[in-house]
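Notes follow the structure.
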Amino acid sequence: MLQITNVIRIFNLLETTYGPQGWWPLVDYRGSNPTKTGSVQGYHPGDYSLPKTTNQMYEICLGSLLTQSVGWPSVEKALTNLKKLNAINPRTILSMDENVLKEAIKPVGYFNQKTRKVKEFTKFFVGLNGRTPTRDELLSIWGVGKETADSMLLYAFKVPTFVVDAYTRRIFSHIGLIDEKDEYDEIKALFEENITPDLETYQEYHALIVEHAKRFYSKQADRKLCPLYKKFAKGGRKRKG
DNA sequence: AACCAGGACGTGA
DNA sequence: TCACGTCATGGT
């Protein structure tokens, strides 16, 4: 029996409302369809062929480390700094002076920790030799937690695995599909059980969640204005999607 | 001018 | 396991 669950209905609604998001952004990308506007550039809506090169994969991994607990505009500054140094490639990062690296990524804050994270991840990345890592391998790296590992897999390595972030928690606990303190892997499973693995869908869903949350789920926003809340939260808490 | 941002880790109960 | 504290800059 084919059943359309709320997890799927919500994806369809977000997709219709906001359109394709074009994640993961690449700072230098100037494609034929850069429809995102504003200061934050680099998105490529409708183009799922990226990343095309090893250095683009690496840039996405760097971005997922640098964006931890920080807004994307700050990450873009850091990546732009690195770009000017011709440093968005593993060899340059590994040979680069620590203080130069710290200075370049300063806009994202936590630069002592993040410098270490970048260095340690980069050693691992080189050791891959083009191979796709497992989730457990990524999680064994200092500074790579579940969200970061899943982001790297989904957007850099093109593995259809679902990414859960703070916004996912906020939206779906508000609606009542999950509990706010459910474990990361439990929430991830809810999405993966309701949507058969598909790279483009998983990439878009996470990106759409972020887009939607920025509008209705920032800390001071009124969540009751969220149209999803009106539509899906009426019956109280429902499980299984 | 506080407050928060697309987390992860270390610590003590 | 759980609940905090820490890390640090920059944008509303």
Side-chain angles (χ1 to χ4, degrees), chain A residues 14 18 20-27 36 38-45 59-82 98-122 124 135-156 161-174 178-188 191 202-223 226:
Chain A
L14 291 174
Y18 302 121
Q21 298 300 298
W23 279 39
W24 187 281
L26 294 165
V27 290
K36 277 272 185 184
S39 61
V40 180
Q41 303 290 321
Y43 296 89
H44 44 87
E59 178 181 333
I60 293 170
C61 293
L62 285 187
S64 63
L65 287 170
L66 296 178
T67 197
Q68 291 174 0
S69 198
V70 150
W72 188 256
S74 299
V75 178
E76 218 180 41
K77 286 182 183 168
L79 289 175
T80 300
N81 290 340
L82 291 175
E98 294 237 342
N99 291 320
V100 175
L101 180 54
K102 275 184 192 173
E103 190 60 28
I105 68 172
K106 197 170 177 183
V108 295
Y110 312 105
F111 48 77
N112 289 307
Q113 290 187 343
K114 283 183 176 173
T115 295
R116 179 180 168 197
K117 292 180 185 183
V118 166
K119 288 272 192 186
E120 297 203 11
F121 172 78
T122 303
F124 171 84
R135 189 171 190 249
D136 284 341
E137 285 180 306
L138 290 169
L139 289 175
S140 72
I141 305 165
W142 189 88
V144 178
K146 289 177 177 176
E147 182 186 341
T148 304
D150 287 338
S151 292
M152 289 178 178
L153 287 170
L154 180 61
Y155 292 106
T161 194
F162 206 88
V163 177
V164 175
D165 66 352
Y167 287 150
T168 313
R169 255 172 220 287
R170 277 187 217 167
I171 295 175
F172 288 86
S173 64
H174 186 232
I178 62 171
D179 201 88
E180 215 172 325
K181 322 211 257 188
D182 282 346
E183 302 236 353
Y184 182 101
D185 289 324
E186 193 180 346
I187 299 171
K188 180 185 178 73
F191 288 91
Y202 282 15
Q203 288 185 343
E204 285 298 333
Y205 206 157
H206 172 65
L208 286 164
I209 284 170
V210 174
E211 176 64 27
H212 185 70
K214 280 178 174 165
R215 302 177 185 230
F216 298 102
Y217 289 84
S218 67
K219 283 269 172 150
Q220 69 266 37
D222 183 2
R223 302 178 181 189
C226 168

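In what follows, chains carry the letters A, B, and so on, assigned in the order in which the sequence lines appear, proteins first and then strands, with residues in each chain numbered from 1. Both backbone and side-chain heavy atoms feed into the values below; hydrogens, waters and symmetry mates do not.
- dC4(B) and dG5(C) are spaced 15 Å apart, taking the P atom of each and rounding to whole Å.
- Distance check on atom C1': dG10(C) versus dC9(B) gives 23 Å, rounded to whole Å.
- R215(A) pairs by the side chain to side chain donor-acceptor pair (under 3.5 Å) definition with E211(A), not counting sequence neighbours.
- K102(A) comes within 4.0 angstrom of no nucleic acid atom, judged by non-hydrogen atoms across all strands.
- Across all strands, E147(A) comes closer than 4.0 Å only to sugar-phosphate atoms, never to a base (heavy-atom distances).
- Residues K181(A) and V70(A) both approach DNA chain C. Their nearest nucleotides, taken by heavy-atom distance, put K181(A) toward the 5′ side.
- Without hydrogens or angle criteria, S218(A) side chain to K214(A) main chain gives no donor-acceptor distance under 3.5 Å.
- Residue contacts for G145(A): at a heavy-atom cut-off of 4.0 Å it reaches the sugar-phosphate backbone alone, with no base atom in range.
- Of the residues near DNA chain B, W72(A) and L139(A), the one whose nearest nucleotide (by heavy atom distance) lies more toward the 5' end is W72(A).
- Taking only side-chain nitrogens and oxygens, K117(A) never comes nearer than 4.0 Å to OP1 or OP2 of dC9(B).
- The side chain of K219(A) lies closest to dC4(B), out of dA3(C), dC4(B), dA8(C).
- Contacts of R170(A) with the nucleic acid, taken as non-hydrogen atoms under 4.0 Å apart, involve only primed sugar atoms and P, OP1 or OP2.
- With centroids closer than 5.5 Å and planes inclined by less than 30 degrees as the test, W23(A) and the base of dG6(B) pass as a stacked pair.
- Nucleotide dA8(B) holds its P atom 20 Å from the CZ atom of F111(A), rounded to whole Å.
- Residue T148(A) places at least one side-chain N or O closer than 4.0 Å to OP1 or OP2 of dA8(B).
- Within 4.0 Å of V163(A), counting heavy atoms only, lies no atom of the nucleic acid at all.
- When L138(A), I60(A), L62(A), V163(A) are each tested for a side-chain contact (heavy atoms from CB on, under 4.5 Å) with M152(A), only one passes: L138(A).
- Atom CZ of F216(A) and atom CZ of R223(A) lie 13.0 Å apart (nearest 0.5 Å).
- A straight line from CD of E186(A) to C1' of dT1(C) spans 15 Å, rounded to a whole angstrom.
- Between the P atom of dA5(B) and the CD atom of Q220(A) lies a distance of 8 Å, rounded to the nearest Å.
- The OH-P distance, from Y110(A) to dC4(B), rounds to 13 Å in whole Å.
- dC3(B) sits 15 Å from dA8(C) when the C1' atoms are compared, rounded to a whole Å.
- One interatomic measurement links the two molecules: CD of Q113(A) to C1' of dG5(C), which rounds to 12 Å at whole-angstrom precision.
- Atom CD in E180(A) sits about 12 Å away from atom P in dA3(C), given to the nearest Å.
- Of the possible polar contacts, one joining the E59(A) side chain to the V27(A) backbone as a donor-acceptor pair under 3.5 Å is found.
- Protein atom CG of N112(A) is 16 Å distant from nucleotide atom P of dT6(C), rounded to whole Å.
- Here the separation of dA5(B) from dC7(C), taken at their C1' atoms, is 14 Å to the nearest Å.
- Using a 4.0 Å heavy-atom cutoff across all strands shown, K114(A) reaches no nucleic acid atom at all.
- Taking atom CD on Q68(A) and atom P on dA8(C), their separation rounds to 12 Å, with Å as the unit.
- Here L66(A) lies out of heavy-atom contact (under 4.0 Å) with every strand.
- A sub-4.0 Å separation between OP1 or OP2 of dG7(B) and a side-chain N or O of W142(A) is absent.
- None of K117(A), K114(A), Q113(A) except one satisfies the side chain to side chain donor-acceptor pair (under 3.5 Å) rule with Q68(A); the exception is K117(A).
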